There are 2 protein chains.
Amino acid sequence: MPLSSPQSSDHTPEAAGEGAVRADSIAAVAQRVGVSVATVSRVLNGHANVRDATRARVLAEVEASGYRINELARNLRTAESRLLLTMVPDFGNPFYAEIVRGIDSVARQHGYFMLLCDTGADAGRERSYFDLLRRHRADGAICLDPATVQHALAAESTALPWVACCEYDPAMGVPYVGIDNYRAAHDAVRHLIARGRRRVALINSDEHYGYAQQRRDGWRDALAEAGIAARDAWRVNVNCLDYDAGAQAAAALMQLPATEAPDAIFAVSDTLAVGVLNGLRGVGRRVPHDVAVVGFDDLALAAQIDPPLTTIAQPMRELGETAARLLLRRFAEPRARVPGVLLPHRLVVRASG
Amino acid sequence: MPLSSPQSSDHTPEAAGEGAVRADSIAAVAQRVGVSVATVSRVLNGHANVRDATRARVLAEVEASGYRINELARNLRTAESRLLLTMVPDFGNPFYAEIVRGIDSVARQHGYFMLLCDTGADAGRERSYFDLLRRHRADGAICLDPATVQHALAAESTALPWVACCEYDPAMGVPYVGIDNYRAAHDAVRHLIARGRRRVALINSDEHYGYAQQRRDGWRDALAEAGIAARDAWRVNVNCLDYDAGAQAAAALMQLPATEAPDAIFAVSDTLAVGVLNGLRGVGRRVPHDVAVVGFDDLALAAQIDPPLTTIAQPMRELGETAARLLLRRFAEPRARVPGVLLPHRLVVRASG
DNA sequence: CTGAAAGCGCTAACAC
DNA sequence: GTGTTAGCGCTTTCAG
C-alpha cells in the first residue's frame, strides 16, 4: 500500500493533488481547452459573447479539473473586495446578533460577504476597523456604534461608503436606518402610567448612544405629560447591557425610601430587563405587583421568562436588512440623496407590566 | 461659497479629496519622496534594511498624504487573504456567539480578520462557504457544524487548512477542540440521580451532531449504572435549539402517564432548558419540586432566570480561542501531527436541579 | 466570437 | 541601503 492515500482512487485532478500542487490558473485552464484566457474569463463571468460550443468545452474542463477562480486576483483587478464591514459594539447581545443576521442575508443575496467586527463601542478600535475601507479590504461599512464615535468617522470621511444602523444622527449626513426612539420610550412610559404607575424609573445605557438620549427624553416627557416630574434618583445609566448590570441597577433603585421608590422600571434593553427581574426577586419585590417592568427590543427571550416581559419590539431583522440595502444602494449611486429610514416599533404587552 | 465643502479648510491631501480622487499608490508615494517603490514597501512592512533617515522621510510622506496600502494588491502578491472563515450553525445562539468571540480575539491578535458565515447547519450552504478556501478568499476555516456535514468536507479536502470546534470526529483526521460530551452528560445525569431523581428525560438536539450522540450515550449509561433503563419515551430530539423547542418538548414529556412522566429533564442546551422551564410552568409543574431541570453550556442567562439553572459549563471562550490557535498553528506547520484537544467541563449546581 | 496584451498595486528577488 | 524589475492571476479594452 502506498504511503498515504486517504482519498479514494478517484483520479480527477481535484482529488489527486488537492492542497499539494500549486493551484491552477485561468491560463492553465485556457491552455488545456485550447482557447485564450479571455475566453475562459468570459465564460466564468457569464458574458454572452461566447459560442455555445466553446463555452461548453470550457465549462467541461473547469468541472473536470475542479478549477476555482482566484478571487484575490479578481479583486485586485476589479478593485473591489466584495466584503461588507459590520461594526457592532457587542455581538454577544442577541439584539445585535439578530441585526447582523439581517445584514448578512441581504449581503449574501448580492454576492457580498460580511466581515464582522466587535468594536466594544471603543472609538479607537472602531477607527482601526474603519480603516479597512481605506485599505480596500472592505467595500463599505455598516456601523452600529454609538453616535459619539460615529461622529469621529463622519468628520474624517463622510465620503467613504458607510451607513449607520440603529444609532444615527441625521445631522451627520450619513444614510441611516433606525427607529423613533423618542416615541418608543414615550409609548412605553405612557403605557405604565395608564396602568396606574406613577414613579417610573429608567435604566438607560451610556448616553454616548443617541438612542439613550432620545429614550431618556421620551421617558421624561411622558412623565411630564402626566404631571409627574422625572426625578434624577429614578434614572440610572449603565455602561453595559448585560444581565448583571440590570440586576444591580434594579437593586440599587429599590434602596430608595419607600415614598420615592419606583413602582415601575423601564429598561432600555430586554437583557437589562431580565436582569432587573432577577434583581427585584433578589430584594423580595414581586413583578408586576410591587413594581412593573418594561423592556426594549422584544428578544425571543422576553416571552420565555417569568413573568413574560412587556417590551417595545424593534424590527431587528429589517433594521439589518435595510442597512445593508442602503449601503448597496450607495455603491450603485454614490451621489444619490441619502435617505434616513425610520422603521416602526411596537409595544408588546405581557405580564411584567 | 463653493459648491461643496463639507470638510474644514484643512488642506492635507487626505481631507482634500477623499473618495473623489483616485487612491494613490505606493508608486506615487515613492515618487513624491524620491525613492523607489521597493524602499517604500520595505518601510511599510517594517523591514530592517532601510536607513533611518530614509525611513523617516517615507513615514512623513505617508503620514502627510494619508496613504493607505492597498491590501487587495498585497493579498494577491503574497497569496493570502488574512481572513479566517468561521462557519457556525446559528450565531443567534449565545453559545456560538461567545465562541465566535474567542475566535475573533485570537485571530485579530495575529493579524487576521474573521469572515463569519451562518450555515444554518445546512450541508449545501456549508459546502459553498467552504469553497471560499479554494477561491483564496479565506486562508483557513473553523467549522462548528454537525459532524455529519463535516464528514462531507473531510472527504473532499482533508488537505485544506481547517479545524473543527465543538463538533468533531477524531477519525476524520482534522484537528479539533471540544469537550468530553459523554462524560459531561454522564455527570449531569448522575447528579440528578444523586438527588433522588429516577425518571430522567433527555431533550437532545438533532443527532447529526456528534455531541448529541455522545450526550445521549452518557445519559443512557448514567441511568443504566443506577439500574434504570432509559426509556425511549423519555428521549426527545429537537432540530433547533431555541426556547420554543424546549418549551414544547417539555410540555410533550409531561403528557406521559403519571407513573412514567419524568421527574427530571436534562436538556442539552441552556436555551432549550430556559424553554423547558417555561413549558413546565405552562403545564403547572413546579421546578425543581415536581421536576428538576439541568441545562448545558452555562450561558450568562442561566444564572438570571427563575429558578437559576443547574447546568454543565463549557469553556466557550477558550473553545473558540483554541480553535483559532489550532488553525494558526496549522498555517505555520502544515504537516505537523494534528492534535485533538479536549477542554474541561464543569457541573454548576443551582436551584433548578 | 475570439485572442493578444496591458495593466490592477504590491512584494521580493536580484543587482549595484 | 537602495533601485530595477518580474510577476501574482485576473479582467478588459482593442483588434481582427
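When reading the values below, keep in mind they use all heavy atoms of this one structure, side chains included, and skip hydrogens, waters and symmetry mates. Here the structure is a predicted model, which is why all the values come from computation and not from measurement. Note on naming: letters A, B, ... go to the chains in the order of the sequence lines (proteins, then strands), and numbering restarts at 1 for each one.
- If you check every strand for non-hydrogen atoms under 4.0 Å, B:Leu72 touches nothing.
- Between B:Phe91 and A:Tyr96, the ring center distance fails the sub-6.0 Å criterion.
- Within the nucleic acid shown, B:Ile69 comes within 4.0 Å of sugar-phosphate atoms alone, with no base atom in reach, counting heavy atoms only.
- For A:Arg42 and C:dA5, the CZ to C1' distance is 13 Å, given to the nearest whole Å.
- A straight line from CG of B:Leu76 to P of C:dG7 spans 17 Å, rounded to a whole angstrom.
- The phosphate of C:dG9 (OP1 or OP2) has no side-chain N or O of B:Ser25 nearer than 4.0 angstrom.
- Residue B:Ala79 is classed as having no contact, given no heavy-atom separation below 4.0 Å to the nucleic acid.
- Atom CG in A:Asn45 sits roughly 10 Å away from atom C1' in D:dT12 (whole-Å rounding).
- Across all strands shown, A:Asn49 has heavy atoms under 4.0 Å from base atoms, whether or not it also approaches the sugar-phosphate.
- The A:Thr39 side chain lies nearest to C:dG3 when the options are C:dT11, C:dG3, D:dG9.
- The residue B:Val37 sits close to a base: some heavy atom pair falls under 4.0 Å.
- Between B:Asp24 and B:Arg32 there is a salt bridge, with a side-chain nitrogen of the basic residue lying less than 4.0 Å from a carboxylate oxygen of the acidic one.
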